[in-house]
> 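Got a structure for you, questions after.
Heads up: numbering here begins at 1 and tracks the sequence.
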Amino acid sequence: MLIKAQSVSKSFGPQKVLTDVSLQINEGDRIGLVGANGAGKSTFLKILLGLEKEDTGEITRRTDRIGYMEQFVDIPDEKTVREVLEESYSYVENIKRRQAEIDELYNSGGDIDWNALAEESAELENKIAKFNDEVGDKLLDILRQVNFPEEYLDREMGSLSGGEKSKVMMARTSVQTSDCDLIFMDEPTSHLDISTIEWMERSILSSKCAVVIVSHDRYFLDRIALKVLEIENGKSLEYKGNYSQYVEKKNMALERQMKEYERYTDAKKKQEALIEAMSHDARRYMATYKTRMMMASKIEEKERPDEQRDINIKITAAQKSGKNVLMAENVAIARGDRTILSGINLDIQKGDKIGIFGPNGAGKSTLLKAILGELPVTGDMWIAPGAKIGYYSQQHEGLDLKLTAEEQLLHVIGPDKRSEARNMLAQFLLTGENVTKQMSQLSGGQRAKVALCIMMHGETNLLILDEPTNYVDINSKHMLEQALAEYDGVVITVTHDRYFLDNVCNKVIEVGKGKAVCHNGNYTDLKGAPEPVKMAEKATMYRCVEPFTNWATRKKYAKGDRIAITPSEMPGFQDALDKGKIRKS
């Protein structure tokens with residue numbers, strides 16, 4: 001056991017964020033932490049790390065070798081990439097801390113053993129020099145793996161883009177996996193391209209380090225998680241398996257809970273009806289009346305499952321355009337003297353759902369801006385005259401952060417449509433105080449929902465979306481995907497969300513190395529299904545009391561052999577167990 005949290009609660013003023021959350025993290029665990037925007041996932045992560053103090057509950061920590069990849073990185077701009085990566089090595093930080101203490105002792109003077117300090121300082125310098133020799137090549141190798149330019153190693157963090165900073169933090173986390181027992185990761189796939197995300201997956205799967213990951217990336221959770229902890233209404237529920245298995249088990253549990261509640265209410269109504277009928281002649285039916293009263297009091301009360309508040313989104317398409325919506329032949333896009341993309345050929349027709357993916361900086365957003373007419377192109381690009389375009393920007397440039405969510409929407413749809421505005425926001429579960437908060441106080445996911453509401457207003461037949469699922473919680477993603485799949489118009493979207501690419505798109509455009517190539521089918525059709533993640537199983541020990549052969553494996557066992565059997569292996573031993581040839585040890 002590395003960390004154990006029991007019945008943790010946390011409030012901020014009158015707002016209760018967590019009321020009863022528990023989790024035990026063991027060596028080698030890979031845990032996905034899920035829940036809606038604002039459910040308290042990041043708060044719980046900070047409590048486990050010791051960065052926030054719980055109000056009630058108990059936290060037991062048996063390791064201090066813990067790494068942390070934050071969602072929003074706050075690193076001084078003047079720090080170099082090299083310094084950020086070197087911070088991952090806890091023993092180097094201890095050396096530097098001691099060097100700073102020695103410098104203070106030198107400056108303070110007084111009764112000090114100068115020779116001993118000089119010897120210790122020299123020894124520390126030698127350790128740092130040895131570290132630089134041993135680790136320098138390793139840092140370069142890690143940067144190469146995340147497609148980060150090696151010459152950036154000595155650049156300051158302030159000079160990097162958001163995507164480049166995310167890659168540096170990913171590289172730092174990779175360093176930590178070899179130096180830590182446990183890593184916490186808060187939305188690690190945000191701003192990363194697919195190739196870097198897949199590298200991260202391989203790095204985590206090959207590591208022995210335990211990980212706890214807050215993520216809305218369903219594909220990533222399917223690949224990584226062996227256990228899912230859901231935080232909902234301040235409480236936690238734990239499920240074994242990956243994200244898809246969690247969804248299946250949760251739906252089954254809700255269905256079972258609803259059936260139990262319905263049986264309970266039916267039984268209670270029947271008893272109450274009989275009691276009501278007998279109460280009019282209680283003397284005649286006194287004995288039976290008392291029995292019925294006792295039976296009614298003994299019916300085990302069942303709670304009604306929490307109502308699942310689904311988002312119901314409908315995107316209305318304008319009058320349909322013709323069959324051909326967008327065509328490009330040998331198109332090139334340049335910025336100044338530099339050609340970004342060339343040789344682009346597209347044939348986008350009515351009903352197509354197009355997903356665009358590729359490395360950061362390869363030109364995906366550039367392609368969108370060319371389609372929007374914001375960048376000049378050479379070659380032939382034609383958009384149907386009847387195309388009515390709706391645009392969603394990942395930067396949310398159109399939002400005024402001084403306005404509330406409601407005011408922002410009224411500014412677009414009209415000041416006298418307050419009821420309509422509130423209904424639109426409620427579709428994305430933005431209600432109560434979140435509607436009247438300034439946009440600057442809302443989370444990234446909540447701002448994204450406001451921007452999506454604005455995009456959906458007005459009739460369109462061509463939606464152009466730049467990272468529409470970034471920061472949005474899983475439930476909102478599901479409903480947005482369903483709405484886009486049912487949308488009658490054309491959808492062209494840039495995304496790194498592989499689940500979205502698989503469930504919405506019938507064509508994908510891969511951008512990279514100066515090209516943008518269109519393929520029929522979704523992401524998995526193009527790249528192939530990933531290798532299934534092998535889940536660890538607990539084995540039960542058995543002792544062989546009579547010789548037998550496991551015919552599934554053709555292996556023979558002798559009397560006295562001890563056999564470790566996992567649940568998936570049990571069918572091969574079931575006959576021996578039934579005949580008493582093996583017994584649980």
> Looking at CD1 of Ile389 and CD1 of Ile383, how far apart are the two atoms once the value is rounded to the nearest 0.5 Å?
5.0 Å
> Mind listing the closest non-hydrogen atom pair of Gly40 and Ile231 along with its distance?
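Here Gly40 and Ile231 meet closest at O-CD1, 4.3 Å.
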> Output yes when a side-chain donor or acceptor of Lys41 lies under 3.5 Å from a complementary backbone atom of Gly35, and no otherwise.
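Yes; judged by distance alone, with no hydrogens or angles, the pair exists.
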> Run the side chain to side chain contact (heavy atoms under 4.5 Å, CB included) test against Ala421 and tell me which residues pass, sequence neighbours left out.
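Side chain to side chain contact (heavy atoms under 4.5 Å, CB included) check on Ala421 returns Leu409, Leu410, Ile413.
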> Is the backbone of Thr404 close enough, under 3.5 Å, to the side chain of Glu407 for a donor and an acceptor to pair up by distance?
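Yes; at least one donor-acceptor contact below 3.5 Å.
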> Just wondering, more than 12 heavy atoms not from His411 lying within 6.0 Å of its NE2?
no
> Only one of Val491, Leu480, Ile492, Val494 forms a side chain to side chain contact (heavy atoms under 4.5 Å, CB included) with Leu465, so which one is it?
Val491
> Do the side chain of Asn503 and the main chain of Tyr499 share a donor and acceptor less than 3.5 angstrom apart?
yes
> What heavy-atom pair brings Lys250 and Glu230 nearest, and what distance separates the two atoms?
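Result for this residue pair: NZ-OE2, 2.5 Å.
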> Tell me if a side-chain donor or acceptor on Lys364 pairs with a main-chain N or O of Pro359 at a distance below 3.5 Å.
yes
> Ignoring hydrogens, what is the shortest heavy-atom contact between Ile333 and Ala370? Give both atom names and the distance.
CD1-CB, 3.5 Å
> Is there a side-chain contact between Thr495 and Val504, using heavy atoms and a 4.5 Å cut-off?
no
> Using 4.0 Å as the upper bound for N to carboxylate O, is an ion pair formed by Lys477 and Asp497?
yes
> Look at the side chain of Asp380 and the backbone N and O of Glu329, then say whether any donor-acceptor pair between them is shorter than 3.5 Å.
no
> Counting C-beta onward and ignoring hydrogens, is there a side-chain heavy-atom pair between Arg335 and Lys369 closer than 4.5 Å?
yes
> Measure the acute angle between the ring planes of Tyr243 and His478, then classify it against the limits of 30° and 60° as parallel, tilted or perpendicular.
parallel
> Does Lys249, at its NZ atom, have more than 12 non-hydrogen atoms belonging to other residues, nucleotides or ligands within less than 6.0 Å?
yes
> Considering non-hydrogen atoms only, spot the tightest contact between Asn522 and Cys505 and give its length.
CB-O, 3.7 Å
> How far does CG of Leu33 sit from CG of Leu45, to the nearest 0.5 angstrom?
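The CG atom of Leu45 is 6.5 Å from CG of Leu33, to the nearest 0.5 Å.
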> Does a side-chain heavy-atom distance below 4.5 Å link Leu526 with Leu501?
no
> Can you tell me how far the CZ atom of Arg498 sits from the CD1 atom of Ile194, to the nearest 0.5 Å?
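Interatomic distance, Arg498 CZ to Ile194 CD1, rounded to 0.5 Å: 6.5 Å.
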> Run the side-chain hydrogen bond (donor to acceptor under 3.5 Å, both in side chains) test on Asp193 and Ser195 for me, step by step, so that the C-alpha distance in whole Å, both residues' side-chain angles and the decisive distance to 0.1 Å come before the verdict.
CA-CA 6 Å; Asp193 53 53; Ser195 60; 2.8 Å; yes
> Which atom pair, heavy atoms only, marks the closest approach of Thr43 to Leu18?
CG2-CD1, 4.4 Å
> Using a strict cut-off of less than 4.0 Å between a Lys/Arg side-chain nitrogen and an Asp/Glu carboxylate oxygen, indicate whether Glu510 and Lys527 qualify as a salt bridge.
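Counted as a salt bridge, because a side-chain N and a carboxylate O are separated by less than 4.0 Å.
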> Using the side chain to side chain contact (heavy atoms under 4.5 Å, CB included) rule, take Arg30 and Leu205 through it: C-alpha gap first, then chi angles, then the decisive distance, then the call.
CA-CA 9 Å; Arg30 300 203 299 270; Leu205 290 171; 3.4 Å; yes
> Tell me if a side-chain donor or acceptor on Asp222 pairs with a main-chain N or O of Asn242 at a distance below 3.5 Å.
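Not at all, since once roles are kept as given, no pair shorter than 3.5 Å links the two residues.
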> Counting distance only, does the side-chain N/O of Asn475 pair as donor-acceptor with the main-chain N or O of Ala36 below 3.5 Å?
no
> Between Ala516 and Val511, which heavy-atom pair has the shortest distance, and what is it?
CB-CG2, 4.0 Å
> Closer than 3.5 angstrom, by distance alone: can the side chain of Ser206 be matched with the main-chain N or O of Arg202 as a donor-acceptor pair?
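Yes, the answer is positive, given that a donor and an acceptor are paired below the 3.5 Å cut-off.
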> Find out whether Leu399 and Gln408 are in side-chain contact, i.e. whether some heavy atom of one side chain is under 4.5 Å from a heavy atom of the other.
yes
> Let me see the working for Phe220 and Ile204 under side chain to side chain contact (heavy atoms under 4.5 Å, CB included), right down to the final yes or no.
CA-CA 11 Å; Phe220 181 71; Ile204 292 172; 4.0 Å; yes
> Before giving the answer on side chain to side chain contact (heavy atoms under 4.5 Å, CB included), spell out for Val490 and Leu326 the whole-Å C-alpha distance, their side-chain angles and the decisive distance to 0.1 Å.
CA-CA 10 Å; Val490 170; Leu326 188 154; over 6 Å; no
> Do the side chains of Phe44 and Val214 get nearer than 4.5 Å, heavy atoms only?
no
> Can you confirm whether Lys437 is buried at NZ, in the sense that more than 12 heavy atoms of other residues, nucleotides or ligands lie under 6.0 Å from that atom?
yes
> Within the 4.5 Å heavy-atom criterion, are Tyr246 and Arg218 side-chain neighbours or not?
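Heavy-atom side-chain distance check fails, nothing below 4.5 Å.
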> Would you check if the side chain of Arg422 reaches a backbone N or O of Glu406 as a donor-acceptor pair within less than 3.5 Å?
no
> Distance from Ser440 atom OG to Leu403 atom CG, nearest 0.5 Å?
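Rounded to the nearest 0.5 Å, the OG-CG separation comes to 10.0 Å.
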> Which is it for Thr460 and Tyr487 under the side-chain hydrogen bond (donor to acceptor under 3.5 Å, both in side chains) test, yes or no, and what are the steps along the way?
CA-CA 10 Å; Thr460 62; Tyr487 177 62; 2.8 Å; yes
> Is any side-chain heavy atom of Val228 closer than 4.5 Å to one of Leu221?
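Side chain of Leu221 against side chain of Val228, heavy atoms only: no contact under 4.5 Å found.
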> Does the side chain of Trp382 come within less than 4.5 Å of Asn324's, by heavy atoms?
yes
> Let me confirm one number: the CD-CD distance from Glu156 to Glu83, rounded to the nearest 0.5 Å.
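Rounded to the nearest 0.5 Å, the CD-CD separation comes to 8.5 Å.
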> Should Lys46 and Tyr68 be marked as a side chain to side chain contact (heavy atoms under 4.5 Å, CB included) after you check the CA-CA gap, both sets of side-chain angles, and the distance that decides it?
CA-CA 10 Å; Lys46 289 177 180 178; Tyr68 180 33; 4.0 Å; yes
> Are the side chain of Asn506 and the backbone of Lys353 linked by a donor-acceptor contact shorter than 3.5 Å?
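Side chain of Asn506 to backbone of Lys353, a donor-acceptor pair under 3.5 Å: yes, one is there.
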> If you round to the nearest 0.5 Å, how far is CG of Asn330 from CD1 of Ile344?
9.5 Å
